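Okay, structure first, notes after.
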Amino acid sequence: MFKKITNGRNAVIAAGIIYTVMAIITVASAWIIDLHRFDLWLSISRYVALRPWTAVLYLLCAIIMALLVIGYLRRTYMPRYRKVIYILIITCVCGCAVFPCNREWNRTVAGIHNMFAYSLMLVGFFSFLTLLFLEKDKSLKRFGMIATAYAAFFIIAYVVVRWRAFWMTMFIWENIFIYLFLVEIWLEGGRSTDSQSKSPSGEG
């Protein structure tokens with residue numbers, strides 16, 4: 001059963017399910033006790049850091065997700081630079097989990113969290129950009145076009161323009177970004193066999 005769950009692209013699907021369940025538990029439990037109920041301006045990281053037990057839950061889930069994705073990357077053909085980018089993304093995700101975003105607990109820790117969060121945003125944008133301009137696989141290239149446009153919009157709305165309507169619904173926009181990461185990694189497992197056959201070692 002475990003082997004079936006972690007086999008091939010199932011590992012990415014499992015990581016997505018773990019994240020989704022964690023997010024539902026974290027947010028729903030906060031709303032039930034009337035803690036920031038329906039406040040979509042809070043990011044998932046802010047919801048996670050409202051209570052110690054949800055921060056621990058998020059950390060455990062992030063570790064499991066990281067292990068699943070790392071195992072998937074080791075077994076999946078893709079250019080080496082893609083694997084480096086994904087390792088950076090995983091590092092940023094785990095960094096956000098290790099350092100909760102709650103200034104009332106510790107301003108320094110929250111500041112470190114924000115460094116990882118901004119790095120994740122920039123590395124993610126770069127990852128989508130490389131799909132758009134360097135990728136030969138058509139499905140990945142098409143996805144790169146869509147994801148790059150979204151990431152550019154996200155950065156402009158969040159950092160440059162600081163659009164109020166965007167900030168007030170940050171929870172939605174942020175989660176779309178996260179699921180785009182998962183879709184991107186999942187699509188990597190569908191690279192053509194022609195591309196794989198060109199590399200004796202199974203990597204680009």
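Computed from a prediction, not measured in an experiment: that's the story for all the values here. For the numbers below, each heavy atom of this structure counts, side chains included, while hydrogens, waters and symmetry mates do not. Along the sequence shown, the residues carry numbers beginning at 1.
Applying the ring-ring contact (aromatic ring centres under 6.0 Å, His included) criterion to Trp167, with sequence neighbours excluded, gives Tyr158. Partners of Trp186 under the side chain to side chain donor-acceptor pair (under 3.5 Å) rule, at least two apart in sequence or in another chain, do not exist in this structure. A search for side chain to side chain contact (heavy atoms under 4.5 Å, CB included) contacts involving Ile112 returns Phe99, Thr108, Phe116, not counting sequence neighbours. Residues satisfying the side chain to side chain contact (heavy atoms under 4.5 Å, CB included) test with Ala66, not counting sequence neighbours, are Ile90, Cys94. Applying the side chain to side chain donor-acceptor pair (under 3.5 Å) test to Tyr81 and every residue at least two apart in sequence or in another chain returns nothing. Asn106 is linked by a side chain to side chain donor-acceptor pair (under 3.5 Å) to nothing, counting only residues two or more places apart in sequence or in another chain. Residues that satisfy the side chain to side chain contact (heavy atoms under 4.5 Å, CB included) test with Leu132, not counting sequence neighbours, are Met145, Thr148. With sequence neighbours left out, the side chain to side chain donor-acceptor pair (under 3.5 Å) criterion links Tyr19 to Asn175.
For residues 168-177, no residue pair satisfies the salt bridge (charged side-chain N to carboxylate O under 4.0 Å, His left out) rule, not counting sequence neighbours. Here salt bridge (charged side-chain N to carboxylate O under 4.0 Å, His left out) pairs that include residues 181-190, with residues two or more places apart or in two chains, are Arg82-Glu184, Arg82-Glu188, Glu188-Arg191. Screening residues 53-64 for side-chain hydrogen bond (donor to acceptor under 3.5 Å, both in side chains), with sequence neighbours left out, gives no hits. Among residue pairs with one or both ends in residues 34-44, those qualifying as salt bridge (charged side-chain N to carboxylate O under 4.0 Å, His left out) are Asp34-Arg37; sequence neighbours excluded.
Side chains of Thr91 and Leu120 form no contact here, defined as non-hydrogen atoms less than 4.5 Å apart.
Taking the ring centroids of Phe125 and Phe154, they lie at or beyond the 6.0 Å cut-off. Ring pair Phe171/Trp41: centre-to-centre distance not below 6.0 Å. With ring centers used as reference points, Phe143 lies 6.0 Å or more from Tyr150.
Ser43 contributes a side-chain N or O that, together with a main-chain N or O of Arg46, makes up a donor-acceptor pair within less than 3.5 Å.
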